[in-house]
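Let me give you the structure first, and then I'll get to my questions.
By convention in this document, chain letters (A, B, ...) are assigned in the order of the sequence lines, proteins followed by strands, and residues within each chain are numbered from 1. All values derive from a computational prediction rather than experimental measurement.
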Amino acid sequence: MKKRHLVTAALPYANGPLHIGHLAGAYLPADIYVRYLRLMGRDVVFVCGSDEHGAAITVKARKEGTTPRAIVDKYHAMLKDTFEKIGIAFDIYHRTSEPLHHETSQDFFRTLLKNNQFEEKESDQYFDEVAGQFLADRYIVGTCPVCAHPEAYGDQCEKCGSTLSPTDLINPKSMLSGSVPVMRPTKHWYLRLDQHEQWLREWINTGRTAEGGKQLHNPADWKNHVLGQCNSWLEQGLQPRAMTRDLDWGVDVPHEIPGSEGKKLYVWLDAPIGYISATKQWALDNDKDWKPYWQNDDTALIHFIGKDNIVFHCLIFPAILKAHGEFILPVNVPANQFLNLEGRKLSTSKNWAVWVHEYCEEFKGQEDVLRYNMIKKMPEQSDSEFTWKGFQETNNNELVNNLANFVNRVLVLMHKYYDGLVPSVNPDQSFKSGWDAEKTGQYNEELHLLHQKLEAMGAEIERFDFREALRIFMEISSAGNALLQFNEPWKTEKENPEMVKVVMNLALQHVAALSVAARPFLPFAAAKLRDMLNLAPLRDEGDLLDVLNELVEGNPIVLPNHAIGQAAHLFSRIPDEVIQKQIDKLTATDPAPTTTEQEQPNTTPSPSKYEPLKETIQFDDFAKMDLRTGTILTAEKVEKSKKLLKLSVDMGFETRTILSGIAEHFTPEEVVGKQVVVLANLAPRVMMGTESQGMILFAEDSEGKLGFVGPSANGWPNGMGVK
RNA sequence: GGCGCGAUAGCUCAGCUGGUUAGAGCGUGCGAUUCAUAAUCGCAAGGUCGGGAGUUCAAGUCUCCCUCGCGCUACCA
């Protein structure tokens with residue numbers, strides 16, 4: 001194992017609160033890993049912070065009539081508070097708007113420039129002639145080519161989730177001035193990723209940056225989907241990537257560099273360097289040196305992220321680090337897959353989520369219950385699912401019935417029989433082992449078994465299998481329950497008090513071991529347990545290592561005559577009403593039916609389903625559109641396209657070829673013969689090698705389902721106007 | 001469309017380089033027990049390992065094709 005660890009968790013974007021998907025994907029696994037390392041006495045720094053730049057934040061500020069600064073201040077404070085409440089124990093939670101970060105990333109940029117890592121390239125970008133500036137993708141709105149949502153952004157449609165590029169938008173408009181943007185050439189700095197392809201391929205697949213080079217990591221330890229995603233990119237060939245953008249909210253390209261006016265560092269540089277700035281700030285605050293953590297190959301650098309971030313952390317950021325020349329590469333990037341909620345994908349825009357700050361309000365004192373559930377459902381190898389019902393069952397059956405109940409019965413019996421003083425034991429006294437009813441137990445040997453379990457648990461954490469680690473943790477509680485069950489102190493106390501002393505002492509050692517081992521998973525419960533046992537609070541400085549060192553010798557971790565505290569309930573049952581309330585809340589904010597309900601006609605949509613009205617236009621604006629009736633004659637799927645159908649439409653006076661993005665809604669057979677309304681004077685556009693000569697109108701419901709729009713009477717003549 | 005990852009008991013998931021009757025937790029059924037938040041402990045039932053073909057003495061595990069889910073990507077009005 002390396003001498004020291006630097007652990008990062010993906011920087012959350014400061015334009016919204018944290019939901020359980022974020023938690024299960026990156027922050028909780030990172031936190032467990034780090035807490036474990038601290039318990040083992042390792043040198044570890046855990047950094048994170050808010051990602052506060054980019055156009056999405058300025059857009060949000062504009063919408064809400066405030067400043068980007070106000071937006072990031074609000075969400076930074078909120079995120080920081082949420083992390084604290086749910087027990088994510090960063091060493092520092094930084095933010096990219098700090099001057100230190102600006103300096104750090106600008107220095108990085110200078111070094112890359114000096115090292116000839118950039119090429120300057122001109123490309124055409126949308127430019128707002130009224131506002132006199134280039135437009136970030138987010139600053140351009142238009143109609144989504146996929147779902148016809150009229151307010152899609154240049155990079156993404158929030159309605160249907162499609163990834164877009166600004167040139168895809170129909171009727172693009174600048175959000176700054178409302179004018180129609182024009183294409184204009186602009187210059188940017190591109191990182192020569194193509195020059196890094198060779199060693200990246202070698203590094204990803206062999207753990208060495210060059211043949212015969214030093215072994216930096218073992219690819220067998222990396223997750224399948226991580227390697228697969230990387231190789232998929234490598235095989236397609238890496239292209240130079242722009243590292244700067246025409247933005248107005250971000251880190252300036254250093255001013256001394258010619259052509260830097262109006263240019264900001266793109267998120268590719270800005271965000272990951274945030275890890276480094278955060279480490280620097282931590283070092284300043286704690287009178288430490290940040291450099292060994294980033295520049296010494298004794299350090300294990302580990303990035304915890306979600307699967308959408310794989311390429312960024314496994315290819316682009318490593319390329320940046322290597323291009324700089326003085327930095328180490330990550331030894332692992334244990335990316336998780338996605339967590340679904342009640343059968344559907346989490347969606348911020350559709351408010352289909354469990355918000356962590358709300359959970360912390362509504363379930364005060366039950367932070368660990370959420371953590372436990374997140375671990376059980378952690379999407380380590382494939383997507384997983386959170387349900388409120390499962391949340392309740394897990395809490396009641398495992399945390400209350402097994403763990404909390406075990407702790408409670410031990411403490412109650414200890415007080416009953418020994419007034420809360422740990423009894424001394426005769427190590428030769430035999431009893432039934434809690435691990436196997438058939439086996440005769442021996443005190444020191446049983447303590448040694450406890451050691452083995454804790455060690456196995458740690459090994460699983462080290463290989464990022466947190467669910468398995470948690471299972472082993474619970475095994476210790478189950479074995480404790482079994483120990484009591486097999487030996488029945490409540491029956492045997494009178495006839496065989498010596499045996500009961502050993503059993504109760506041993507049961508207490510289980511509880512004590514759990515009070516330490518729980519720390520990575522259930523930090524609040526761990527603290528409560530320490531208190532109940534009247535043991536010193538954990539210091540995060542090798543407490544588990546100390547326990548292991550005693551147990552491996554067969555020694556107890558709580559000595560005879562230690563006075564324990566009063567028993568209290570570690571976890572409480574969650575009743576049906578509480579769960580039902582959460583389910584109601586979820587379905588109230590998003591009335592979308594589940595799959596089984598989808599058949600039901602939904603005639604009374606709630607007000608929230610309606611899109612806001614667009615701004616008022618004049619009659620002249622409407623009159624510009626030439627709408628005509630037409631009939632679809634033929635339809636076929638466009639090759640290599642998922643969404644397009646190629647249609648020929650009888651317009652009466654002529655037959656037109658029109659491409660329409662409806663292949664995911666209708667089969668070609670379904671649409672042939674349908675009478676439709678066509679926007680006939682729309683400028684033609686070539687897509688997938690075919691020119692589209694118009695646009696077909698569809699009605700869309702709140703689910704994104706499409707319906708034909710046409711004259712209600714059959715046999716209406718084609719080519720007629722629609723007014 | 002291309003590429004990647006996944007599809008295993010009612011539910012949530014493990015199954016490393018192919019090799020004995022395919023595992024765990026939860027749920028279910030039966031039994032034991034009462035110190036404990038009607039908790040606990042034991043036993044049992046439950047799977048043609050998404051579908052099809054192939055390689056092999058032997059395939060959940062390798063190859064090919066197909067279906068479905070998710071992600072990345074693409075000139076998609």
Side-chain angles (χ1 to χ4, degrees), chain A residues 142-146 148 162-165 167-171 220 223-236 306-311 335 337-338 340 345 376-387 389-390 393-394 396-402 404-417 434 437 465 467-468 470-471 474-475 478 480-486 488-491 493 504 567-573 637-646 658-664 679 682-690 692-696:
Chain A
T143 301
C144 175
V146 180
S162 304
T163 310
L164 305 173
S165 95
T167 49
D168 293 336
L169 292 175
I170 312 159
N171 301 329
K223 297 188 184 189
N224 270 347
H225 61 270
V226 174
L227 294 175
Q229 180 86 68
C230 291
N231 281 318
S232 165
W233 266 63
L234 288 165
E235 271 153 37
Q236 285 171 34
K307 68 171 155 183
D308 51 337
N309 253 331
I310 289 172
V311 168
Q337 309 252 13
F338 287 161
N340 293 322
K345 279 197 274 187
K376 280 208 66 128
K377 298 292 167 66
M378 210 170 256
E380 291 177 332
Q381 308 296 341
S382 54
D383 290 357
S384 62
E385 175 153 334
F386 175 90
T387 61
K389 199 75 198 142
E393 285 174 3
T394 300
N396 294 356
N397 295 331
E398 301 182 35
L399 289 177
V400 177
N401 291 355
N402 191 326
N405 182 239
F406 168 59
V407 170
N408 188 243
R409 64 201 296 216
V410 171
L411 296 215
V412 166
L413 289 175
M414 286 290 283
H415 281 288
K416 198 176 223 170
Y417 300 146
D465 194 343
R467 307 167 65 131
E468 180 64 10
L470 186 71
R471 197 189 59 76
M474 288 303 290
E475 260 185 21
S478 287
N481 272 321
L483 179 71
L484 297 180
Q485 207 62 36
F486 296 155
E488 303 180 299
W490 47 92
K491 268 190 188 169
E493 216 281 315
M504 289 311 301
H569 288 175
L570 197 55
F571 291 99
S572 312
R573 291 207 133 55
K637 288 204 76 160
V638 175
E639 225 169 288
K640 295 191 174 185
S641 167
K642 191 157 51 184
K643 294 162 186 162
L644 283 182
L645 286 187
K646 181 180 172 185
I658 296 178
L659 298 183
S660 186
I662 55 172
E664 289 180 318
L679 179 56
L682 183 64
R685 167 121 171 206
V686 176
M687 289 179 295
M688 305 297 285
T690 305
S692 179
Q693 303 159 326
M695 179 170 164
I696 295 178

Side chain of F486(A) (C-beta onward), nearest among rG71(B), rU33(B), rG42(B) =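 Looking only at heavy atoms from C-beta outward on F486(A), the closest nucleotide is rG42(B).
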Taking rC30(B) as the reference, what is the distance to rU67(B) when you measure between their P atoms (whole Å, please)?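 My reading of the P atoms in rU67(B) and rC30(B) gives 46 Å.
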Exercise. If you check the N405(A) side chain, which of rC70(B), rC13(B), rA36(B) turns out closest?
Worked result: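 Closest nucleotide among those given: rA36(B).
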Q. Can you tell which of rU37(B), rU40(B), rC70(B) lies closest to the side chain of N481(A)?
A.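 In terms of side-chain proximity for N481(A), the closest of rU37(B), rU40(B), rC70(B) is rU40(B).
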* What integer number of Å spans the P atoms of rU12(B) and rG27(B)? ->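 Approximately 15 Å lies between the P atom of rU12(B) and that of rG27(B).
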| said: Using the P atom as the point on both nucleotides, what is the distance between rU33(B) and rG52(B), in whole Å? | reply: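 Pairwise P distance, rG52(B) against rU33(B), rounds to 49 Å.
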| task | Among the candidates rC72(B), rU12(B), rA36(B), find the nucleotide nearest to the side-chain atoms of R409(A). | result |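 From the listed options, rA36(B) comes nearest.
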Item to check | Gap in Å between the two C1' atoms, one belonging to rA24(B) and one to rU8(B), rounded | outcome: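 My reading of the C1' atoms in rA24(B) and rU8(B) gives 13 Å.
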- prompt: Given atom CG of D308(A) and atom P of rG4(B), what is their separation to the nearest angstrom?
  reply: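 Whole-Å distance recorded here is 20 Å.
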Query raised in the report: How far does the C1' atom of rU40(B) sit from the matching atom of rG4(B), given to the nearest Å?
Result: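 My reading of the C1' atoms in rU40(B) and rG4(B) gives 46 Å.
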message: Taking rG25(B) as the reference, what is the distance to rC5(B) when you measure between their P atoms (whole Å, please)?
response: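 Pairwise P distance, rC5(B) against rG25(B), rounds to 31 Å.
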Identity of whatever pairs with rC70(B) - Watson-Crick or G-U, under 3.5 angstrom:
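rC70(B) is paired with rG4(B).
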(message) Which nucleotide, if any, forms a Watson-Crick or G-U wobble pair with rC35(B), using both distances under 3.5 Å?
(response)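 Pairing partner: none.
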Point to revise | Assigned partner base of rC13(B), Watson-Crick or wobble definition, under 3.5 Å | key: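 Checking every strand shown, rC13(B) finds its partner in rG23(B), with both distances under 3.5 Å.
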Quick check for you: among rC72(B), rC41(B), rG71(B), whose closest atom lies nearest to any side-chain atom of W233(A)?
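Output: rC72(B).
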- Message: Whether the side chain of N396(A) engages the backbone of R573(A) through a donor-acceptor N/O pair (distance < 3.5 Å, no angle test) should be reported.
- Response: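 It does not hold such a pair.
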Quiz prompt | M504(A) versus P489(A), closest heavy-atom pair with distance | solution =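 Answer, listing the atom of M504(A) first, then P489(A): SD-CG, 4.1 Å.
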task: Please state whether the phosphate of rG25(B), meaning OP1 or OP2, lies under 4.0 angstrom from any side-chain nitrogen or oxygen of N397(A).
output: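 N397(A) to rG25(B) OP1/OP2: no side-chain N or O under 4.0 Å.
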Does rU55(B) have a Watson-Crick or wobble partner in any strand here, with both distances under 3.5 angstrom, and which is it?
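Because no pair has both required distances under 3.5 Å, rU55(B) counts as unpaired.
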| request: Indicate yes or no: does K376(A) engage E398(A) in a salt bridge with an N to O separation below 4.0 Å. | output: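 Looking at K376(A) and E398(A), the cut-off is met.
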_Quick check on rG46(B): syn or anti? Syn means the glycosidic torsion is within 90 degrees of zero._
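Base orientation: syn.
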Looking only at side-chain atoms of F338(A), point me to the closest of rU12(B), rC3(B), rC70(B).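 Ranking rU12(B), rC3(B), rC70(B) by closest atom to the F338(A) side chain puts rC70(B) first.
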Check whether any side-chain N or O of T394(A) sits under 3.5 Å from a backbone N or O of G390(A) as a donor-acceptor pair, and report yes or no.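 Judged by distance alone, yes, a pair lies under 3.5 Å.
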Report task. Name the pairing partner of rC75(B), where a pair is Watson-Crick or G-U wobble with both distances under 3.5 Å, or state none. Result ->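 Check on rC75(B): unpaired, no WC or wobble geometry under 3.5 Å.
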Between I658(A) and F406(A), which is nearer to the 5' end of RNA chain B once each is assigned its nearest nucleotide?
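Of the two residues, F406(A) wins.
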Under 3.5 Å on both distances, the Watson-Crick or G-U partner of rG47(B)
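Paired with no nucleotide.
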Could you walk me through whether S478(A) and N402(A) satisfy the side chain to side chain donor-acceptor pair (under 3.5 Å) test, starting with their C-alpha distance in whole Å, then the side-chain angles of each, then the deciding distance to 0.1 Å, before giving a yes or no?
CA-CA 7 Å; S478(A) 287; N402(A) 191 326; 2.9 Å; yes
Taking only side-chain nitrogens and oxygens of N224(A), does any of them come within less than 4.0 Å of OP1 or OP2 of rG4(B)?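 Answer is no, no contact under 4.0 Å.
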| Which nucleotide, in any strand shown, forms a Watson-Crick or G-U wobble pair with rC30(B), with both distances under 3.5 Å? |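 Paired with rG42(B).
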Next on the checklist: If you assign V412(A) and Q229(A) each to the RNA chain B nucleotide with the nearest heavy atom, which residue ends up on the more 5' nucleotide?
Outcome noted: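 With V412(A) and Q229(A) compared, the 5'-side residue is Q229(A).
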Closest non-hydrogen atom pair between R467(A) and K377(A), with its separation:
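Smallest heavy-atom distance, with atoms named: NH1-C, 3.8 Å.
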**Request:** Measure from the side chain of E398(A), starting at C-beta and using heavy atoms only, and say which of rA24(B), rC26(B), rG71(B) lies closest.
**Result:**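 Of the options given, the side chain of E398(A) lies nearest rC26(B).
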Measuring only the C1' atom in each nucleotide, how far is rA59(B) from rC49(B)? A whole number of Å is fine.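 Comparing C1' positions in rA59(B) and rC49(B) gives a spacing of 11 Å.
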### Message
If I take atom CG in residue L411(A) and atom P in nucleotide rU37(B), what distance separates them, rounded to the nearest angstrom?
### Response
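Result: 12 Å.
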#### Entry: Rounded distance (Å) that lies between atom P of rC11(B) and atom CD of E385(A)
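Going from E385(A) (CD) to rC11(B) (P), I get 11 Å.
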Taking rA14(B) as the reference, what is the distance to rA7(B) when you measure between their C1' atoms (whole Å, please)?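 Straight-line distance between the two C1' atoms is 15 Å.
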Q) Distance-only, no hydrogens or angles: does the H415(A) side chain make a donor-acceptor pair with backbone N or O of V410(A) under 3.5 Å? A)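 Such a contact is absent between H415(A) side chain and V410(A) backbone.
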Can you see if the side chain of K389(A) gets near the phosphate of rG27(B) - specifically, an N or O under 4.0 Å from OP1 or OP2?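 No.
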Considering only side-chain heavy atoms of H569(A), which listed nucleotide, rC35(B), rU37(B), rC3(B), is closest?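 For H569(A), the side-chain atoms sit closest to rU37(B).
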